[in-house]
Number of protein chains: 2
Amino acid sequence: MQQKSEPNPGRKSPKLKRMGLHERAAARMRTMIIRGELPPGSQTQETRLSKELGVSRTPLREAMKVLAAEGLIELRPNRSPRIAGIAVEGISELFEALAGIERLAAELAAERATGRDLARLRTLQTRMEAHHRNGKLDDYFAINGEIHNTIVRMARNTPLREAHETLISRAERARYLALGADRRWSNSVDEHADILAALEARNGEAAGRLLGAHVARTGTALLEVLAKSQSRQKASQS
Amino acid sequence: MQQKSEPNPGRKSPKLKRMGLHERAAARMRTMIIRGELPPGSQTQETRLSKELGVSRTPLREAMKVLAAEGLIELRPNRSPRIAGIAVEGISELFEALAGIERLAAELAAERATGRDLARLRTLQTRMEAHHRNGKLDDYFAINGEIHNTIVRMARNTPLREAHETLISRAERARYLALGADRRWSNSVDEHADILAALEARNGEAAGRLLGAHVARTGTALLEVLAKSQSRQKASQS
DNA sequence: AAACTGCATACTGCATACAATTTGTTCGAT
DNA sequence: ATCGAACAAATTGTATGCAGTATGCAGTTT
């Protein structure tokens, strides 16, 4: 099982790992759902989507099973899969669960974080503050998400990280709906700083409590924005 | 996200609804993996399994995607899927995550449990104690699991419940490996009684702490038993 | 003798063809 | 005219065939 030397000089993209069609289809649909290009509650006909994505129905159906497991679509027997709805109540539950998981992750991370981990986190925090000052929204959000993922990875717990990933994909989707809604930048940056400080002090209880509250606040802030836009478009329910 | 709950994806369904072949195949394989009939690390050839299960390769492949999402098998490109290994480290992480999730669930359940919920829990506890006295191992385990599931449902948080379900399937598998290993019956029963008391007192912090510690202890107890049998059969890492 | 290359084989990945089930429509009966 | 049943169209579920890729073996080379 020796792996041959893999310098890969002439191949097309070294970073992009080779994926099967069903993986690519799943990834494509995932972003489409998150971006709202496939609206909540809409039905996805297999033949139509397969032509649109340029793949056959077989890999598409496999992709559907994966997305259903992630909670992005709903499968009903002998019916077209439905893009999962975004109900207010669902968002509330989602961020509640997310807050709990990240709280746990922070508690564990405070015990297990290496110096490198904390250094990396500090770097990210610095960069995020810079983006915050410069008003670079996209970069800010990217770093923000990376910080959360980093903390979860620092917990050194694979099942927890996996659970977090599936929830995050749904949260990203909700966040996209209320794009640019997070007007609590300053609060958020400060809260992140507090969390980082608690982690560096190896205070798991505080780090967990702070991160959990932070995520919960993000959820409620999102809910407020969403409730307003919900009032004008009442549709998309079946 | 929708309030609609899944109609029994793979559970031992009381009403045996007619399921598609891929669902049936997934359910069948799930129990086979949990029961250890498909040993960890073994490869699953599509044609062989499809004949064995009496289905075609297409629904079988779809079932594989679902099981992979549940973490029961590993998919590698252009290779036979592998039954996920049960490494000691993995079990440790698994129960750690499970403990965290159930702790959170108990905290929420303490706030949201209805009188019916608590009554049902009390009934289950009584029945479990009876099985404990009579030494009925199977029934005891069934009720025990049901209690944990009930508490999680009492949290009224769908994403949390879903995350719990996927972790539980893996934990059941590990528990099956160390079948009958849980010699801490008495402790376990008492701990459950304490948890129930905390829930009835609406003390979320205590309920969460007790349930989390309970699950963590179950995990370490399982680890001890597993470590012994692990010494004779070499580890299949994952 | 060891290692590398080329070929044969088996298996996965994908596409297409076929069967089963649902849904929309039309015709008929009350 | 309305409700219902049966038929027709569309769509999902399943099976099979074909192509690409990995694995093992044999022949050749160093």
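Values below: all heavy atoms of this structure, side chains included; hydrogens, waters and symmetry mates excluded. These figures come from a predicted structure and were not determined experimentally. We name chains A, B, ... by the order of the sequence lines, and we start the count at 1 in each one.
- B:Thr44 comes within 4.0 angstrom of sugar-phosphate atoms only, judged by non-hydrogen atoms across all strands, and of no base.
- When rounded to the nearest whole Å, the span between CD of B:Gln45 and P of D:dT23 equals 13 Å.
- In this structure, A:His22 reaches the C:dC14 phosphate: one of its side-chain N or O atoms is under 4.0 Å from OP1 or OP2.
- Following rounding to the nearest Å, A:Met19 (CE) and D:dG20 (P) show an atom-to-atom distance of 20 Å.
- Where A:Pro59 and A:Asn78 each meet DNA chain C at their nearest nucleotide, the meeting point lying more 5' is that of A:Pro59.
- Remark: the A:Arg57 side chain and the D:dG13 base include a donor-acceptor N/O pair separated by less than 3.5 Å.
- When all heavy atoms of A:Ala171 and A:Leu94 are compared, the closest pair comes out as N-CD2, 3.6 Å.
- In this structure the side chain of A:Asn144 reaches within 4.5 angstrom of the side chain of A:Met128, judged on heavy atoms.
- Of the side-chain N and O atoms in B:Thr58, none sit less than 4.0 angstrom from OP1 or OP2 of D:dG13.
- Scanning all heavy atoms of the two residues, the minimum distance from A:Glu70 to A:Arg170 falls at O-NE, 3.3 Å.
- Among D:dT16, D:dG13, C:dA15, the nucleotide with an atom closest to any side-chain atom of A:Ser56 is C:dA15.
- In this structure, A:Thr47 does not reach the D:dT11 phosphate: none of its side-chain N or O atoms is under 4.0 Å from OP1 or OP2.
- Distances shown here put every side-chain N or O of B:Arg79 at or beyond 4.0 Å from the OP1 or OP2 atom of C:dG13.
- Minimum interatomic distance between B:Leu60 and B:Leu49 (heavy atoms only, all atoms of both residues): CD2-CB, 3.7 Å.
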